[in-house]
A.B. asks: 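Would you mind keeping the following structure in view while I ask a few things?
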Amino acid sequence: MRLVTWNVNSIRTRIDRVIGFLERSDTDVLAIQETKCKVEQFPYAPFEEAGYEVAVAGLNQWNGVALISRVGLENVRTSFDGQPAFAKPDKEPVVEPRAIGATCGGVDVWSLYIPNGRSITDPHYAYKLSFLNALTEYGRSRLADDPAAQIAFVGDYNVAPLDTDVWDIEVFRDNLYVTEGERSALAALADAGFAEVTRSHEPDQYTFWDYQQLRFPKNQGMRIDFQHLSPALAERVSTASIDRDERKGKGSSDHVPVIVDLLD
DNA sequence: ATGCCTTCTGCAAGAAGA
């Protein structure tokens, strides 16, 4: 089974590229982040015509996640147990569409869009850490219930775990994506049993390059998209790769697909 | 050539991303 995660930065703008990728990449399950649309605005038809089932979470033009599968799509959940809400000043807290899970081909796949955080002094930064902590607690609880559970937490984590995951650590030092708080929160997910499985197969590759300032031609990128798998599922990984070519050309997302192949 | 930011809403310019 081929499992791919991709922050597409608007599914409506990117639909032709995403369908093209699906058709040439032999992908079975695609986890999408930043769909940037309401559920009723999502372009279901092109996926269904290509032979895939679709599950979507989306409230407005912000965030939004989806799962696309040709190996079954059951038990859809549009948030995980304990997923934190974010409250804007003087507003009711909202559980944002940043997680969607479903059973696909026997695997519980979660498409995750971890909050960016904006800056380390912004309330969104604390939200980012609480989101990661809640995800770890959810994963820990799932493994306590069933140590052999096949669970995939894949998506845009908005954290650069290593100094080499940003194009110049001095530019980022002590700032968003590389703080000790973010890195230890993500390390805790691995410590709970959900190891990141793509880095060992593709050690030196970014997953994101900013649109501005020739970041892609200069290869000034960031590695912030990952696949964290439960122990039983991680054992099935045969290869992993990052499709850097998807960043080329007009009309690309600023992120590229992160691909894992699982043995049957 | 891999190329100088892009998306959303809504009609102007602001919000948001990373």
A.B. asks: Closer to the 5' end of DNA chain B via nearest nucleotide, is it A/I224 or A/Q41?
C.D. replies: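 Nearer the 5' end of the strand: A/Q41.
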A.B. asks: State, to 0.1 Å, how close A/Y211 and A/S252 come at their nearest heavy-atom pair, and which atoms those are.
C.D. replies: OH-O, 2.9 Å
A.B. asks: Scan side-chain atoms only and decide if A/N158 and A/Y113 contain a donor-acceptor pair under the 3.5 Å cut-off.
C.D. replies: no
A.B. asks: Given the side-chain rings of A/F131 and A/Y157, with only the six-membered ring counted for Trp, is the space between their centroids under 6.0 Å?
C.D. replies: no
A.B. asks: What is the nucleic acid contact for A/N7, judged by heavy atoms within less than 4.0 Å: base, sugar-phosphate only, or nothing?
C.D. replies: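 If one applies the 4.0 Å heavy-atom cut-off, A/N7 turns out to touch the sugar-phosphate alone, with no base involved.
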A.B. asks: Are A/F194 and A/W110 close enough that their ring centers fall under 6.0 Å?
C.D. replies: no
A.B. asks: What's A/D245 touching, base or sugar-phosphate or nothing? Going by heavy atoms closer than 4.0 Å.
C.D. replies: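 The answer is nothing, as A/D245 stays clear of every strand by at least 4.0 Å.
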A.B. asks: I need the minimum non-hydrogen distance between A/H201 and A/S238, along with the two atoms involved.
C.D. replies: CE1-O, 3.4 Å
A.B. asks: What interatomic distance, in whole Å, is found between C1' of B/dG3 and the corresponding atom of B/dG14?
C.D. replies: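 Roughly 27 Å separates the two C1' atoms.
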A.B. asks: Hey, does A/F208 reach any base, or is it just sugar-phosphate, or nothing, if we go heavy atoms under 4.0 Å?
C.D. replies: sugar-phosphate
A.B. asks: Give, ordered by number, those residues of residues 121-132 of chain A having at least one heavy-atom distance below 4.0 Å to an atom of DNA chain B; if nothing qualifies, reply none.
C.D. replies: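 None, since no heavy atom is under 4.0 Å.
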A.B. asks: Base, sugar-phosphate, or nothing for A/Q212, non-hydrogen atoms under 4.0 angstrom?
C.D. replies: base
A.B. asks: Taking the same atom, C1', in B/dA15 and in B/dG10, what whole-Å distance lies between them?
C.D. replies: 13 Å
A.B. asks: Would you call the rings of A/F172 and A/W167 parallel, tilted or perpendicular, taking 30° and 60° as the class edges?
C.D. replies: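 Rings of A/F172 and A/W167: perpendicular, over 60°.
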A.B. asks: Measuring only the C1' atom in each nucleotide, how far is B/dA1 from B/dA12? A whole number of Å is fine.
C.D. replies: 37 Å
A.B. asks: Determine the contact category for A/W209: base if any of its heavy atoms lies under 4.0 Å from a base atom, sugar-phosphate if only primed atoms, P, OP1 or OP2 are that close, otherwise nothing.
C.D. replies: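 Nothing, no nucleic acid heavy atom in range.
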A.B. asks: Taking C-beta and beyond as the side chain, do A/L112 and A/V65 meet within less than 4.5 Å on heavy atoms?
C.D. replies: no
A.B. asks: Describe the nucleic acid contact of A/F172 in one word from base, sugar-phosphate, nothing, applying a heavy-atom distance below 4.0 Å.
C.D. replies: nothing
A.B. asks: Looking at every strand, decide which applies to A/N175 at a 4.0 Å heavy-atom threshold: base, sugar-phosphate, or nothing.
C.D. replies: nothing
A.B. asks: Scan A/R215 against the nucleic acid and name what it touches under 4.0 Å (heavy atoms): base, sugar-phosphate only, or nothing.
C.D. replies: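 Nothing: the residue A/R215, judged by heavy atoms under 4.0 Å, touches no strand.
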A.B. asks: For atom P, what is the distance between B/dC4 and B/dG17, given to the nearest Å?
C.D. replies: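 The same atom, P, in both gives a distance of 23 Å.
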A.B. asks: Using the P atom on both, measure B/dA16 against B/dT2 and round to a whole Å.
C.D. replies: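 Looking at atom P only, B/dA16 and B/dT2 are 35 Å apart.
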A.B. asks: At the 4.0 Å heavy-atom cut-off to chain A, mark where contacts on DNA chain B begin and end, going 5' to 3'.
C.D. replies: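 Footprint of chain A along DNA chain B, 5' to 3': B/dT2 to B/dA18.
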A.B. asks: List the atom of A/V29, the atom of A/T27, and the distance in Å for their closest heavy-atom pair.
C.D. replies: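 What the structure gives for the nearest pair is O-CG2, 3.4 Å.
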A.B. asks: In this structure, would A/V178 and A/F226 fall into the same cluster of hydrophobic residues linked by side-chain contacts under 4.5 Å?
C.D. replies: no
A.B. asks: Look at the rings of A/F216 and A/W209 and say which category their plane angle falls in: under 30° parallel, 30 to 60° tilted, over 60° perpendicular.
C.D. replies: perpendicular
A.B. asks: Find which nucleotide of DNA chain B each of A/L214 and A/Y177 is nearest to by heavy atoms, and output the residue with the more 5' nucleotide.
C.D. replies: A/L214
